[in-house]
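What follows is a single structure, written as structure tokens, with notes after it.
Keep in mind that what you see is a predicted model, and the values were worked out from it rather than measured. The figures that follow rest on heavy atoms only: side chains count, while hydrogens, waters and symmetry mates do not. Convention: sequence-line order gives letters A, B, ...; per-chain numbering from 1.
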Amino acid sequence: MTETLPPRPIRGATADLPPKWNPGEVEAGMYRRWVENGYFTADPDSGKPPYSIVIPPPNVTGSLHLGHAMDHTLIDILTRRRRMQGYDALWLPGMDHAGIATQSVVERRLAEAGEPGRRELGRVEFVRRVWEWKAESGGSILGQMTRLGDGVDWSRERFTLDEGLSRAVGTVFKRMFDDGLIYRAERLVNWSPELQSAISDIEVDHKEVEGELVSMLYGDGEDAIVVATTRVETMLGDTAVAVHPDDERYAHLVGKTIRMPITGRDIPVISDPYVDPEFGSGAVKITPAHDPNDFEMGRRHDLPMPTIMDEAGVIAGTGTRFDGMDRFEARVAIREELAAQGRIVAEKRPYLHSIGHDSRTGVPIEPRLSLQWFVRVESLAKASGDAVRSGATTIHPAEMESRFFDWVDNMHDWCISRQLWWGHRIPVWYGPNGEMVCVGPDEEPPTGEGWRQDEDVLDTWFSSGLWPFSTLGWPDKTPDLERYYPNSVLVTGYDILFFWVVRMMMFGIYAMGEAPFRDVYLHGLIRDEHGKKMSKSKGNVIDPLELIDAYGADALRFTIARGSNPGTDMSLSHEWVAGSRNFTTKLWNATRFAMANGASPALPLPAVEDLTDADRWILGRLREVREQTDALLEDFQFAKATEGLYHFTWDELCDWYLELAKPQFDDPATADGTRAVLGHALDALLRMLHPITPFVTEALWTTLTGGETVVTAAWPGEDTGLPVDAGVVARVEAAQKLITEVRRFRTEQGLPDRRSVAARLVGLDAAGLEAHGAAVRFLTRLDRAGDDFAPTATVDVTVAGGKVHVELDTSGAIDVAAERARLGRDLAAAQKELDQADKKLTNPKFTEKAPANVVDGIRGRREAAVAEIERVSGRLAALPAS
RNA sequence: GGGCGCGUAGCUCAGCGGGAGAGCACUCGGUUUACACCCGAGCGGUCGUAGGUUCGAUCCCUACCGCGCCCA
């Protein structure tokens, strides 16, 4: 039994690492060096396998928020790891021109500056001003990305409105136009009176609102008929009243006309099976130009479709006194007018119903009949669904697939024209004689009298839908395109699955003949500390830059990675990030301590038989952790991978191995081996942590190894650490249990850590722990028994290899009550275990039907419980009466 | 109205057929020669409710209650 405990030398701090990690002082310079050294620059000629991810392009108007931080952290983890694994990794950055958002910003600035507005300036001058704004104030997010440490290839930065991408947009438009997949039609579209533009279905949010349901009387005398509406003002555009064909009540009216109040128009009563005879009076007013259902009915019955509002939602062209009134104003005024005429027969208020709202401005949508451009989506959507069904593209987590399928299987044609100026102008020219010509990007538009280009621009999502290949040079066959398409992975929030992912799938398959990415990882949203959505109005928005300033970029990244379970939202607060900062500090101090003791991966690892159990245990755990980390990251399980590294670092490497290493450093027989083991373990650990926490690992790893950078260091391979040896694990866990039990005794006896306690360890050899005596004594602060040793207490610990008696001289009477309480808890726990085991084992059905290994397991637990009860009972009986 | 998901320790979340876990918070002790952004020990849960399947259910099924999201 080895029980030597020589005095330990005072060790100084290493000169290479400052005592404290100061991310704010180091990060910017470190990032600059990475970029300048070209670590993030992809190289198609490298001969390495390619790995590519394109950034979800942030709006040019945007600044970094936690949603971006989420995307970027996860993408950076994936690409940094692949780069270390020897891939030619490309993370391509860029921005979206964000049509509506950007145009709004510039218009607002013009107004604030008292300058002429958009219309006064005219299209050319206004667009020039937007570019000017972009050059001065746009893209601040790019600088903010460097704060996070994003390993993007800045040499390949793109913008959706730059020359190359505009050419891609024009090429796709022309091709789809020629293929009949883009068409122009007069349709009822979602019109935003605020934006004064059409928007697509997906940009409409349906919200329950409290409105009113007003029942009005149309016609007179026997021909009178009651209809109900929530939008009274639309009566100005009614061109029919419809009833169900089988509805006896109105059979006599079908085919006749009735006179409308206010407008005095005569409109027909028609029959259509679409009408629900159970709803209201069974008769409905038909306003084809302002309601989607009515529009369909109008088409079926060839009804006139008068538009009664202008682009801003103001009543216009009705020839009534209501012209010039806002739609909501008119709603009230017309109702009052009808009431005065005695034509209001019922009013239900509040009446809860669903209304579409412009998702950007929040104003209620006004369905409006207008001439717009559409993408015929059916074949494209089907192909997108098939790409996922066939496994060409895999969506993670799989639960999100059903949402994707529901969407692509029921998709409506996509309205792509916007009545804005900032964006890709529709490349169609109209001739003086009704000609319509779609002009490709490399073609000359028709010239001559009377030719003019379409005024509208394309939906922003049209150009972002091309992003996975337009950014790589398409339509040219560039080396980048050849190599990096399809992209390896797409990482984005599930909230833009339909907006963006589906469009990229459609365009990618159409233009490239192949889905744009092999894997789609959809992450959740970041919420506040109580799981509430962050919003300006709630005042619970956290600025990622503020977090970086306070805790360092690594802490923010670590927090995000640790919270990112697939498909689920995460809560984030300062406390969480502070906890991650503590982790980086822990890592810093551990490495500093190791280096101060001469740890280095350059030292040769001794042969297995020359290593201590602790050495072999930590190297075995290192191997397991590396395997687990790889498996989890391959499966996009960021939270679990990060959590695993956290616990390995803190609980195993720091709390156990570093403590066990202290006595090993003091023993010349083990000191060198310990330095090598610690050096190897930290080297591998820092490399595994680098994708998550790039800055602190760069500082530590370069110092520890003398290497140039960890960014391009090799990812730990299968030979990391050592194979796990069950015997080693059992012995180390036994020692840990012994140590914990003695500490527990000391704590409950109120024996301060400093208080020297003489003790004798009996049975270490029999338990196979003869080599662990020094460590047990060191970590429990037990001194060797002297000649005058007079034990006053005993702690018995049952471990895998046997039973260890620790006899202690506590220099006086022990606290019997505390000891009785401690043993009492142990006894109760053992008794509960025994009861549970007996309950199962006395049930013949259990022993018959349960698998043998389960039954054996329970038997083993029962035996252990019996032994524990015997031990604890004995200790209790031996205690003096209190 | 249709669909999806969630209700597990005070808070935020893992676990998802055979011994209830983590982080934070909390309690007690500690100026130990890496770290108080720390160390050690501990407290804390009839796993939403009610049925069912099973030898056995936090885990599977059904219903209900509560919450969230998507679509119409």
Q: Could you tell me the separation between the CD atom of E741(A) and the C1' atom of G42(B), rounded to a whole number of Å?
A: 13 Å

Q.
Counting only side-chain nitrogens and oxygens, does N582(A) get under 4.0 Å of the OP1 or OP2 atom of C38(B)?
A. yes

Q: Write down the partner of G1(B) under the Watson-Crick or G-U wobble criteria, each distance required to be under 3.5 Å.
A: C71(B)

Q. Expressed in angstrom and rounded to an integer, what is the separation of N589(A) atom CG from C35(B) atom P?
A. 7 Å

Q: Please state how far atom CD in E652(A) lies from atom P in A22(B), giving the value in whole angstrom units.
A: 13 Å

Q: If A34(B) has a Watson-Crick or G-U wobble mate with both distances under 3.5 Å, name it; if not, just say none.
A: none

Q: Going 5' to 3' through nucleotides 66-72 of chain B, assign each nucleotide B (protein heavy atom under 4.0 Å from a base atom), S (under 4.0 Å only from sugar-phosphate atoms) or - (no protein heavy atom that close).
A: ---SSSB

Q | I739(A) or I858(A), whichever maps to the more 5' nucleotide of RNA chain B | A | I858(A)

**Q.** Under-4.0 Å salt bridge between K538(A) and D528(A)
**A.** no

Q: Side chain of V854(A) only, please: which of G18(B), G42(B), A14(B) is the nearest?
A: G18(B)

Q. Does a donor on one side chain sit under 3.5 Å from an acceptor on the other, for W656(A) and D651(A)?
A. no

Polar atoms only, N or O, under 3.5 Å: list the protein pairs with nucleotides 55-61 of chain B and their distances.
from: C55(B); atom 1: OP1; to: K849(A); atom 2: NZ; distance (Å): 2.3
from: C55(B); atom 1: O2'; to: N843(A); atom 2: ND2; distance (Å): 2.9

(Q) Going by purine N1 to pyrimidine N3 plus the second Watson-Crick contact, or the G-U wobble pair, all under 3.5 Å, which nucleotide sits opposite C24(B)? (A) G10(B)

Q) Where the side chain of Y646(A) is concerned, which of A34(B), A14(B), G23(B) is the nearest nucleotide? A) G23(B)

Q | Which nucleotide in A14(B), A34(B), C38(B) has an atom nearest any side-chain atom of A590(A) | A | A34(B)

Q. Salt bridge between E833(A) and R861(A), side-chain N to carboxylate O under 4.0 Å?
A. yes

Q: Using the P atom as the reference point in each nucleotide, state the distance between C38(B) and U49(B) in Å, no decimals.
A: 36 Å

Q. Looking at A34(B), does its base get a donor-acceptor pair with the side chain of E659(A) below 3.5 Å?
A. yes

Q.
Rounding to an integer number of Å, can you tell me how far L751(A) CG sits from G30(B) P?
A. 12 Å

Q) Is K662(A) near enough to A34(B) that one of its side-chain N or O atoms lies under 4.0 angstrom from OP1 or OP2? A) yes

Q. Which is true for L658(A) with a 4.0 Å heavy-atom rule: it touches a base, it touches only sugar-phosphate, or it touches nothing?
A. base

Q | N or O in side chain of R744(A) less than 4.0 angstrom from A41(B) OP1/OP2 | A | no

Q. Counting side-chain heavy atoms from CB outward, which of A34(B), G3(B), G18(B) is closest to D406(A)?
A. G3(B)

Q. So, are E848(A) and K845(A) salt-bridged, with charged N and O less than 4.0 Å apart?
A. no

Q. Would you say G3(B) has OP1 or OP2 under 4.0 Å from some side-chain N or O of S402(A)?
A. no

Q | Nucleotide opposite G18(B) in a Watson-Crick or G-U pair, distances under 3.5 Å | A | C55(B)

Q: Please say whether more than 12 non-hydrogen atoms of neighbouring residues, nucleotides or ligands are located less than 6.0 Å from CD in E378(A).
A: no

Q: Let me know the distance between CG of L645(A) and P of A22(B), rounded to the nearest Å.
A: 18 Å

Q. Parallel, tilted or perpendicular for Y551(A) and H574(A), by the 30°/60° rule?
A. perpendicular

**Q.** Ring geometry between F593(A) and F665(A) (parallel below 30°, tilted from 30 to 60°, perpendicular above 60°)
**A.** perpendicular

(Q) So that I can tick it off, tell me whether E366(A) and R231(A) are bridged by a salt bridge, with the cut-off set at under 4.0 angstrom between side-chain N and carboxylate O. (A) yes

**Q.** Pairing partner of C43(B) (Watson-Crick or G-U wobble, both distances under 3.5 Å)
**A.** none

Q: Once you apply the 3.5 Å cut-off to both distances, tell me the Watson-Crick or G-U wobble partner of U49(B), or none.
A: A63(B)

Q) Phosphate oxygens OP1/OP2 of C39(B): is one of them under 4.0 Å from a side-chain N or O of K586(A)? A) yes

(Q) Quick check: any donor-acceptor pair below 3.5 Å linking the side-chain of K20(A) to the base of C35(B)? (A) no

Q) Below 4.0 angstrom from OP1 or OP2 of C39(B), is there any side-chain N or O of W650(A)? A) yes

Q: May I have the distance from W656(A) (atom CH2) to C35(B) (atom C1'), rounded to whole angstrom?
A: 18 Å

**Q.** Closest nucleotide among A22(B), A41(B), A34(B) to the H647(A) side chain
**A.** A22(B)

Q | Test salt bridge (Lys or Arg N to Asp or Glu O under 4.0 Å) applied to E643(A) and K640(A), step by step | A | CA-CA 5 Å; E643(A) 188 77 1; K640(A) 289 180 183 67; over 6 Å; no

Q.
Students often mix this up, so state it plainly: with edges at 30° and 60°, are the rings of H396(A) and F636(A) parallel, tilted or perpendicular?
A. tilted

Q: Send over the distance from E575(A) CD to C11(B) C1', rounded to a whole Å.
A: 10 Å

Q) Expressed as a whole number of Å, how far does the C1' atom of G15(B) sit from that of C59(B)? A) 9 Å

Q) Does R389(A) make a cation-pi contact with F405(A) (under 6.0 Å, within 45 degrees of the axis)? A) yes

Q.
What's the closest nucleotide to the side chain of R781(A) if the choices are U32(B), C37(B), A22(B)?
A. U32(B)

Q.
Give me the distance, rounded to whole Å, that separates G21(B) from C47(B) when you measure between the P atoms they each carry.
A. 14 Å

**Q.** Nucleotide nearest R562(A) when distance is taken to its side chain, options G23(B), C11(B), A34(B)
**A.** G23(B)

Q. Between E848(A) (CD) and U54(B) (P), how many Å, whole number?
A. 15 Å

Q | W576(A) CH2 to L547(A) CG distance, which is reported to the nearest 0.5 Å | A | 14.0 Å

